[in-house]
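Input: a single structure, listed below in structure tokens.
Chain letters run A, B, ... following the sequence lines, proteins first, then strands; residues in each count from 1. From a predicted model like this one, the values you see are computed outputs, not experimental measurements.
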Protein chains: 4
Amino acid sequence: MSTNSFGRLFTVTTWGESHGPALGAVVDGCPPGVPLEAAMLQHWLDRRKPGQSKFTTQRQEPDQVEILSGVFEGLTTGMPIQLMIRNTDQRSKDYSEIAEKFRPGHADITYWQKYGIRDYRGGGRSSARETAARVAAGGVAREALKALVPGLKITGYMVQMGPHKAERSRFDMDEITRNPFWTPDAEIAATWEEYLSQLRKSGNSVGAVVEVVASGVPAGLGAPVYGKLDTDIATAMMSINAVKGVEIGAGFGAAELTGEANADEIFMGPDGPEFSSNHAGGILGGISTGQEIVCRFAVKPTSSILKPRRTITKAGEETEIVTKGRHDPCVGIRAVPVGEAMMACVLLDHILLHRGQVGENQGRIG
Amino acid sequence: MSTNSFGRLFTVTTWGESHGPALGAVVDGCPPGVPLEAAMLQHWLDRRKPGQSKFTTQRQEPDQVEILSGVFEGLTTGMPIQLMIRNTDQRSKDYSEIAEKFRPGHADITYWQKYGIRDYRGGGRSSARETAARVAAGGVAREALKALVPGLKITGYMVQMGPHKAERSRFDMDEITRNPFWTPDAEIAATWEEYLSQLRKSGNSVGAVVEVVASGVPAGLGAPVYGKLDTDIATAMMSINAVKGVEIGAGFGAAELTGEANADEIFMGPDGPEFSSNHAGGILGGISTGQEIVCRFAVKPTSSILKPRRTITKAGEETEIVTKGRHDPCVGIRAVPVGEAMMACVLLDHILLHRGQVGENQGRIG
Amino acid sequence: MSTNSFGRLFTVTTWGESHGPALGAVVDGCPPGVPLEAAMLQHWLDRRKPGQSKFTTQRQEPDQVEILSGVFEGLTTGMPIQLMIRNTDQRSKDYSEIAEKFRPGHADITYWQKYGIRDYRGGGRSSARETAARVAAGGVAREALKALVPGLKITGYMVQMGPHKAERSRFDMDEITRNPFWTPDAEIAATWEEYLSQLRKSGNSVGAVVEVVASGVPAGLGAPVYGKLDTDIATAMMSINAVKGVEIGAGFGAAELTGEANADEIFMGPDGPEFSSNHAGGILGGISTGQEIVCRFAVKPTSSILKPRRTITKAGEETEIVTKGRHDPCVGIRAVPVGEAMMACVLLDHILLHRGQVGENQGRIG
Amino acid sequence: MSTNSFGRLFTVTTWGESHGPALGAVVDGCPPGVPLEAAMLQHWLDRRKPGQSKFTTQRQEPDQVEILSGVFEGLTTGMPIQLMIRNTDQRSKDYSEIAEKFRPGHADITYWQKYGIRDYRGGGRSSARETAARVAAGGVAREALKALVPGLKITGYMVQMGPHKAERSRFDMDEITRNPFWTPDAEIAATWEEYLSQLRKSGNSVGAVVEVVASGVPAGLGAPVYGKLDTDIATAMMSINAVKGVEIGAGFGAAELTGEANADEIFMGPDGPEFSSNHAGGILGGISTGQEIVCRFAVKPTSSILKPRRTITKAGEETEIVTKGRHDPCVGIRAVPVGEAMMACVLLDHILLHRGQVGENQGRIG
């Protein structure tokens, strides 16, 4: 299978470089009969689109998506859906210096070492622009989910920027769209705004933690051992540019817990099993419990900074580099819609996979 | 592809339940001509084997592996290698109570809800016994790695148990095999010993963090976007029972760093590029840099504890459960050889994948 | 994916050599709750078993299958099902000569050239003994099909041996089990008996054509372009040892037809569409029509013959070889249950795949 | 894996409908550093392009291919290569009648029954226009093969049209490009010309047999059991629209041979093993012998004919249909470059796969 594809039944194959003519995704395995038009995908792309606040790259990309196949008279046909986004504001001149120098923290040196050739214009294939294709694909998944599991909802938001963590007691999900950081904690948004303005002015950047929650997920999604739902979610998130860690439910915190504290007790509610807590993050043995699925991932600070850094050239000479160009001071912000999109793709894939192997019958409780 | 398989060219398909007659793995895609005999695999299985200290389950399983195919006159033939381990000490009677009750924190309820049937004897397929097959498969990968990349070395160890973290300044890799916890910090081993004895006596359990490091890994392993080396490592680790989080290099710590602090500067050493630090964990843009590959994963406390926990029955009635049987108070200990095995499988797979697409040529520096 | 696996959702991974301790298959993706016990599989294995008449190899193999996993209290659990068959009558001594010489028409020379090592005992992995594992796996598929599509029926039979073709006007499906050739044409069976006795005595062998028909297959199975039902059936059949050609419906005969003669006209029957003929073999555009699915495959004569043949040694010296041992004079006979098994696996796989992507809804006619 | 993808390491995912805005292919896994530009692919597309003689559809499509990614400064980068071909001459009005009626012999009825929706404009996804994407992808494979195995050559040609078979004794490969049928038999070309003119005028069509030969293929390509080279070639050919049968080497003819006649004897030539004949079609046990690889496939007559045929409507009413529009009287002609393209893709894939698992070492003879 292509290393530019993911998914089992609902598959996404992305293609394209940062500064080529276009990029996109082939989305295959989508159920037929799902209402789909470009505007539905555009909605999500606009959330990821650069240049929306002073805290994201000033590159001007409309990120306009075209559907080239797989949709007929406004409905998916079950055929592969080609989503194409033209690159318009490429300014390749910004990148001339890095043709010879490897930017620290970037894939420049490893792509060169692996392939003996690299598209040095803005990272080429390793650029975070690839995530636009994911967001478009995730938009398709969302529409299919809407048709298959009406109550399912996916919400992503930032919970940490540098050392500053959001405070759960202050969470108000309505706040998420009211600040440029997609955070439900209005108070921390103010802190971050000041902190990030400072960093941005000094030509620096910072990391972040993003949380993605899915509610209304039916019990029974996931498969044993190497097809676990949590594994597939972790895979999806880790594949996003700059992600260095991922956790489900209590995550690394679970290492500190005793078994007594960690295991979520089970009760019988009016609509089925309920749990005293959700350390499991909605997944036991790789299979969903019906609780909220909770995932977090850590995004490293972008390595494209105005601070001079020591590096080497292709010729092996030591030198310094300052990455000009237009970059995000905190890529975690734009990672929020990307994380949501990946969650949508994984959940849809597992719904189809479950339906394929098991069908509608499930074990009843009570 | 089977959800009980992983890998791209070097593939592992595991099978078997905790209390069935046997379990094992089909390992395929191994290069031909690799010296292999059961004793080589047994070496690693013995590290994972239950009952080695009072800190692991007292189930008595010799975990004797048989090679049923794919090896001829002591060499791999390139054909699928069937590794079988008989279950001998099954004591199914221990599990009669849990036929009707769902153990909190276990996969009992989700397997039931998904499949409408479950092998309730000791977790069946969701049991950590499945990891014996991984360790055996990892042993095959290690032998192939030995032939292909002689200097490559994989070392796993525990760095945290409950709230008690090992201290890097005290690390001495020779200590790892001298304590029952596979930790290079002899001092913390003493702390853990006391702490875990206490927990064990009280019928409780605790989580842990395991670190796996690979050194001598050539630059250039990994592939773009959905075949990243770090993604595949994360996938491999997350698929291990009880793992709730995984991180590469600085991991979640990267969220707190600035771009200036995080990006590892590059210098020219006598044998090629060198780096000022290793926040990247040896991987940039999904491709290995030649530095040490560093991965950590968090293991939740086993949910099989003697403390009574509230739960429900298949009939939906609320009740309590105490999980008797013989269980690990800290499954992190036995997760160490499992994490190593997964790392070996992923690295071999990517070596083959790289050789397949790119061959021997790589971009030269200097 | 392993090159020893096939299938998309219902996957089969076979392993084992002709003269190793055992061979078998891991069957994964089977729906849960299907009644399954070894005797059900044995039924089909006994049809393929060697030594049943003088027209098949005299090797004495009971081909007793054991189910090692994936079944609990007589029902499939949805977990991987390990099927193991011990090799008992190995007589490796028969094969000592071929350690150094390549048998013409066998895989000896290519395995050697590819891998630089080969298990020369009776063909090792390339032996037709591998098909026992397919038959066992097909038995699992049949039980699942029985549960999912009760009316579905798969029937294989021989239609040609050497130059002697069966005559369709004489077909009586009840005859199939009444002759040692699995043919519905009793008259040709008599011809074949005499013809093959002659060949066998002279130490020669002959090829055959096998037809496999599936009736009661619902319309709508298959997928576009590279997942066509006919492609997957062809793939399955071509992967059987000694198969050199495969065709669907009119097959190569379609090359001789005009469009007017070939296109099956459509009518409306009481239960849905009906067709004037079945040149399509039950598949249009890769998707089943609801008609009988008709597939034929050609099996070459076994190359293990007592006639001396010229060949070379590993050292490159020219020599002669006579393949002693116990071989089938017409491997087409034992290919019948194998072809049926492959058809069963492909159909089940596509039923699950269809259910996964499309669910229960289909386009209505009338 | 997407059912619109094929290949293991060198993968091709096609997308697009007959009358949508565009169609194309994502080609992934191509080795880096291969010289590639659109004109190289255009060369092959022009061979398949409609409207080249009176014997192919008069639809006017320039089939101009654009490379949207994966190539940098004239070289492949190892990243996914997006190939896009705009549909220009769509004339959807020709297809209005078939919105309600199912054309016999076409995928209309099965797509409807499966998906409950179909893009009825010219077959949509099931149209043979999809094969343009294959030819483009095959062009990429050819350039990579040129770099990796300089002597390898792939040649396709027609050997039968309707009842008229080409005569091997008259074959002159230079003739292939001198007639509109891609046949090496100039005499049969004259026969076919008259025969097909007649059929075309009467609004009828006819089937054909195409042969594809690859020479200069190294020994050792292919893998056991389900990754056999002949299986993968058969799969590739069967997936082409209208193909109803495929055979390797002696193919169905092998059914008529004795073992003595069939098994190609082996001799030692100056450059390695040589064979007395090639009934095997260059493949033994699924692995290439170094001989010519010989494959044939049967193409049914196009079902789009001017002869009225009986059919039903979506409403289930019986009616008649005449398929107007611009169609090929013998689709076998344009299948020739498609068959070549598929052969190129499969061979490249297996070269990479072999290099991945086995590397450069092979078993030596002599």
So, using ring-ring contact (aromatic ring centres under 6.0 Å, His included) as the criterion, who are the partners of C/Tyr195 when residues are at least two apart? C/His164
Distance-minimising heavy-atom pair for C/Phe267 and D/Ile312: C-CG2, 3.5 Å
Do the side chain of C/Glu318 and the main chain of D/Met268 share a donor and acceptor less than 3.5 angstrom apart? yes
Hey, are the side chains of C/Ser239 and D/Val225 touching, using non-hydrogen atoms and a 4.5 Å cut-off? no
Closest approach of D/Gln113 to C/Pro273 (non-hydrogen atoms, all atoms of both residues): NE2-CG, 4.0 Å
Pairwise side chain to side chain donor-acceptor pair (under 3.5 Å) hits with a residue in residues 300-311 of chain C, at least two apart: C/His106-C/Ser304
Taking every non-hydrogen atom, the tightest pair across C/Thr235 and D/Thr231: O-CG2, 3.4 Å
Report yes if the side chains of C/Ile109 and D/Ile365 come closer than 4.5 Å at any heavy-atom pair, otherwise no. yes
Mind jotting down which residue pairs meet the side chain to side chain donor-acceptor pair (under 3.5 Å) criterion with at least one end in residues 241-253 of chain D? Sequence neighbours excluded, please. D/Glu247-D/Arg296
Side chains of D/Phe102 and C/Leu284: closer than 4.5 Å at any heavy-atom pair? no
What I'd like to find out is whether the side chain of D/Thr3 reaches to under 4.5 Å of the side chain of C/Gln357, using heavy atoms alone. no
Can you list the residues of residues 249-259 of chain C that sit under 4.5 Å from chain D, counting heavy atoms only? C/Gly251, C/Phe252, C/Ala254, C/Ala255, C/Glu256, C/Leu257, C/Thr258, C/Gly259
Closest heavy-atom pair, D/Trp112 versus C/Arg364, reported as atoms and distance to 0.1 Å, is NE1-O, 2.8 Å
Determine the option with the most heavy-atom pairs under 4.5 angstrom with chain D, choosing from C/Met161, C/Arg134, C/Glu130. C/Arg134
Please state whether the side chain, the backbone, both or neither of C/Met342 comes within less than 4.5 Å of a heavy atom of chain D. side chain
Exercise: identify the closest heavy-atom pair between C/Arg125 and D/Pro224: CG-CB, 4.2 Å
Hey, are the side chains of D/Met238 and C/Lys228 touching, using non-hydrogen atoms and a 4.5 Å cut-off? no
Please check: side-chain N/O of C/Asn204 versus main-chain N/O of D/Glu260, any donor-acceptor pairing under 3.5 Å? yes
Heavy atoms of D/Gly285 and C/Tyr111 approach each other most closely as O-CE1, 3.9 Å
